[in-house]
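As structure tokens, the structure follows; a few thoughts come after it.
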Amino acid sequence: MKKQEKTAITPTRVEDYPEWYQQVIKASDLAERSPVRGCMVIKPWGYALWENIMKILNDLFKATGVKNAYFPLFIPLSFLEKEAEHVEGFAKECAVVTHHRLEQVAGKKGLVPAGRLNEPLIVRPTSETIIGDSFSKWVDSYRDLPILINQWANVVRWEMRPRIFLRTSEFLWQEGHTAHATKAEAIERTNMMLDIYKTLSEEYLAIPVITGRKSPSERFPGAVDTLCIEAMMQDRKALQCGTSHFLGQNFAKASNILFQTAQETEAYAWTTSWGVSTRLIGGLIMTHGDDDGIILPPKISSAHVVLLPIIRNPDDKHSVMEYVKSLERELKEHSYGNRRIEVEVDTRDIGGARNWEWIKKGIPLRVEIGPKDIAQNAVYVGRRDKRPNEKISMKRNQLVSEIQDLLDQIQSNLFGRAMSFRKEHTVNIDDQKTFYDFFTPNSIEKPEIHGGFTQSHWCGSEKCESKIKEDLSVTIRCLPFMAEPEAGRCICCGEPSQRKVIFAKAY
RNA sequence: CGGGGCGUGGCGCAGCCUGGUAGCGCGCCUGCUUUGGGAGCAGGAAGUCGGAGGUUCAAAUCCUCUCGCCCCGACCA
């Protein structure tokens with residue numbers, strides 16, 4: 001077998017996409033499974049991505065007046081019960097704390113729970129109710145509004161089938177919660193935050209997204225309106241990357257967020273909530289990864305460049321390392337996006353394996369530096385968005401002065417690729433048979449990568465929506481904002497329809 | 001919760017059917033030789049086979065119970 005044909009990740013995406021995903025995570029050193037069912041250990045290379053996301057979002061949030069705060073991990077059961085739809089939506093996936101002490105029992109091994117709580121505590125699956133309780137105390141007058149709060153937190157949802165980053169029992173996220181005096185202002189906030197998520201996705205993560213509205217059945221439990229950003233992964237399935245909810249007065253009524261208006265009347269506040277999670281990292285992997293591992297967009301990459309000194313002869317060691325160190329210093333003086341250039345130096349003497357490890361980790365730039373290069377005051381540069389062997393020699397000064405430009409090229413190349421992939425696999429379908437064929441794999445036992453996004457008419461009935469879901473596991477991802485209203489016939493029942501929606505299989 | 005599968009050095013597996021107290025590959029450590037596309041050779045450390053009970057002279061292997069994990073479905077950021 002020729003070496004060129006060897007991929008760093010086995011199986012390849014085409015061979016077995018879900019398994020490829022697991023292997024990429026392992027090979028890239030982002031995270032690993034933990035001894036706790038459904039929970040993950042996020043390793044430094046992966047956590048750095050989350051740190052960068054936090055940095056970016058904090059800046060974007062704060063520019064709109066949002067402040068960070070922190071609320072309890074535990075929610076009294078009675079709080080969760082306050083909003084009827086909310087209870088129903090989350091009850092099945094709650095972790096419940098019932099005791100506060102462990103005891104040794106005579107004659108038995110180990111510890112048993114003791115000290116039963118009067119009221120069980122829920123480990124937060126989301127914090128609307130506990131934050132609503134605080135809001136109710138913070139608001140007396142319309143002058144106290146709006147309240148614009150975000151918290152960075154871990155939440156627990158006891159999922160049946162966990163997958164690292166995409167669906168874990170515990171995950172990290174931010175949840176924003178706001179309260180407003182008027183409906184219009186709350187709706188404006190809901191849209192504003194969705195725009196921020198679109199910015200994060202497209203400009204930083206290089207993941208193109210479709211913004212839109214969820215159908216009623218896909219709404220957040222208790223919300224009046226749920227907006228979302230949806231992205232297409234390389235197996236052509238949809239991943240919901242962020243949501244922003246207009247909660248109307250539902251939670252204000254449940255939590256008693258009352259205020260006095262300028263007209264001296266009493267009114268319930270209008271609230272919103274919005275969040276993105278570590279799932280974004282899963283989206284990153286599945287949007288940009290290839291058969292050699294992940295590819296990190298420079299703007300959120302854990303580091304930008306790795307320097308790989310090549311020392312064939314021990315006599316060269318000193319001079320090569322001096323050269324590498326000075327290049328490191330010089331590169332670190334430059335910035336890219338909202339942070340300094342981050343440089344890794346890998347001096348391990350493990351031959352070609354070293355190069356491949358960094359390819360698998362997805363670092364944007366690999367720079368090889370050996371005596372031959374130094375003699376010409378040059379470096380040998382590999383871009384992660386190119387083939388592994390497609391390396392070019394460039395002058396050292398050129399690398400330093402053009403590094404931002406190089407990173408920009410990679411960033412926009414990744415976005416461009418992802419965008420054309422989505423366009424290529426987004427189709428208009430107007431008849432039922434084509435629709436069903438589109439979403440049916442050739443092989444049922446071992447389905448190949450198939451389908452994509454369709455833009456098809458939907459009459460608006462839940463009946464059609466659930467029939468399609470039952471027949472094909474295909475759901476309405478969103479009613480896209482960009483779609484102009486147009487008359488047509490429902491893809492399912494043939495009744496008149498006002499608009500096209502996005503259908504896809506989803507994570 | 002329904003269907004399927006699996007628990008054996010750090011990781012991936014073989015051995016189980018036909019009981020005789022562990023083996024392979026990768027990784028790791030040491031040395032030498034190598035090094036710009038995933039190194040070679042030699043030596044070495046590391047497991048009592050998920051757990052409990054049973055059958056037996058003897059159990060990774062047979063039986064019972066149990067725990068955990070993975071995959072497919074329903075649920076979901």
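The structure displayed is predicted, hence computed values, not measured ones. So you know, we letter chains A, B, ... as the sequences are listed, proteins then strands, and number each from 1.
With salt bridges taken as basic N to acidic carboxylate O contacts below 4.0 Å, one links A/Arg348 and A/Glu357. Using a 4.0 Å cut-off between a side-chain N of Lys or Arg and a carboxylate O of Asp or Glu, A/Arg383 and A/Glu390 do not qualify as a salt bridge. A/Arg13 and A/Asp235 are not joined by a salt bridge, as no carboxylate oxygen comes within less than 4.0 angstrom of a charged side-chain nitrogen.
Using bins of under 30°, 30° to 60° and over 60° for the plane-to-plane angle, the ring pair A/His245/A/Phe220 lands in the parallel bin.
Pairs of Watson-Crick or G-U wobble type, with distances under 3.5 Å, assemble into runs of 3 or more in RNA chain B at these ranges: B:1-7 with B:67-73, B:10-13 with B:23-26, B:28-33 with B:39-44, B:50-54 with B:62-66.
With B/G38, B/A77, B/G36 as the choices, the nucleotide that has an atom nearest any side-chain atom of A/Ala353 turns out to be B/G38. Relative to the side chain of A/Lys360, the nucleotides B/U35, B/A74, B/G38 differ in distance, and B/G38 lies closest. Here the side chain of A/Asp349 is nearest to one of B/C69, B/U35, B/A77, namely B/U35. In the set B/A77, B/A74, B/C70, the nucleotide with an atom closest to the side chain of A/Arg167 is B/A77.
Between A/Ile350 and A/Phe220, the residue anchored closer to the 5' end of RNA chain B is A/Ile350, taking for each the nucleotide with the nearest heavy atom. Residues A/Ala8 and A/Val276 each lie close to RNA chain B; by heavy-atom proximity, the contact nearer the 5' end of the strand is made by A/Ala8.
With hydrogens and angles ignored, the 3.5 Å screen pairs a side-chain donor or acceptor of A/Ser466 with a backbone N or O of A/Lys463. Listed for the A/Arg366 side chain is no donor-acceptor partner under 3.5 Å among the backbone atoms of A/Val381.
A straight line from CD of A/Gln23 to C1' of B/C26 spans 13 Å, rounded to a whole angstrom. With rounding to whole Å, A/Ile359 atom CD1 is found 11 Å from B/G38 atom P. Remark: C1' of B/G73 and CZ of A/Arg163 are 15 Å apart, rounded to the nearest angstrom. Taking atom OH of residue A/Tyr507 and atom C1' of nucleotide B/C75, one finds them 17 Å apart after rounding to whole Å. Computed from coordinates, the A/Tyr197 OH to B/A77 P distance equals 13 Å when rounded to whole Å. Taking atom CZ of A/Arg366 as the reference point, atom P of B/G36 lies 15 Å away to the nearest angstrom. Rounded to whole Å, atom C1' of B/A74 lies 9 Å from atom NZ of A/Lys92. Note: CZ (A/Arg312) to P (B/U35) measures 5 Å, nearest angstrom.
In this structure, A/Arg384 and A/Asp292 have side chains that are in contact, with non-hydrogen atoms separated by less than 4.5 Å.
With A/Tyr507 as the aromatic partner, A/Arg279 does not meet the cation-pi criteria of under 6.0 angstrom to the ring centre and within 45 degrees of the ring axis. For A/Lys361 and A/Trp358, the positive end sits near the middle of the six-membered ring, less than 6.0 Å away and at most 45° from its axis.
Contacts of A/Gln22 with the nucleic acid, taken as non-hydrogen atoms under 4.0 Å apart, involve only primed sugar atoms and P, OP1 or OP2. Within the 4.0 angstrom heavy-atom criterion, no nucleotide atom of any strand lies near A/Gly275. Counting non-hydrogen atoms under 4.0 angstrom, A/Lys391 reaches the backbone sugars and phosphates but no base. Counting non-hydrogen atoms under 4.0 angstrom, A/Thr168 reaches a base of the nucleic acid. Across all strands, A/Asp373 comes closer than 4.0 Å to base atoms (heavy-atom distances). Among the protein residues, A/Lys469 comes within range of the sugar-phosphate backbone only, with heavy atoms under 4.0 Å from sugar or phosphate atoms but none that close to a base. The residue A/Glu159 sits close to a base: some heavy atom pair falls under 4.0 Å. When heavy atoms are screened at a 4.0 angstrom cut-off, A/Trp356 is found touching base atoms of the nucleic acid. At the heavy-atom level, A/Pro371 lies under 4.0 Å from base atoms of the strands shown. Residue contacts for A/Leu166: at a heavy-atom cut-off of 4.0 Å it reaches a base atom on one of the strands shown. No contact: A/Arg354 has no heavy atom under 4.0 Å from any strand.
Nucleotides B/U64 and B/C69 are separated by 23 Å at their P atoms, to the nearest Å. Taking the C1' atoms as reference points, B/U30 lies 26 Å from B/A22, given to the whole Å. Spacing between B/G36 and B/G31 at atom P, rounded to whole Å, works out to 22 Å. The gap from the P atom of B/G20 to that of B/A58 amounts to 14 Å, rounded to the nearest Å. Distance check on atom C1': B/G7 versus B/G12 gives 13 Å, rounded to whole Å. Atom P of B/G50 sits at a distance of 13 Å from the matching atom of B/C6, rounded to the whole Å. As rounded to the nearest Å, B/C63 and B/C17 have C1' atoms that lie 15 Å from one another. B/G47 sits 30 Å from B/U55 when the P atoms are compared, rounded to a whole Å.
Evaluation of the ring-ring contact (aromatic ring centres under 6.0 Å, His included) rule for A/Tyr380 yields no partner, not counting sequence neighbours.
Residue A/Arg157 places no side-chain atom within donor-acceptor reach of the base of B/C76, judged by atom type and a 3.5 Å distance cut-off alone.
OP1 or OP2 of B/C70 lies within a sub-4.0 Å distance of a side-chain N or O belonging to A/Arg33.
Residue ring and nucleobase are not stacked for A/Tyr380 and B/G36 under a centre distance beneath 5.5 angstrom and an angle between planes beneath 30°.
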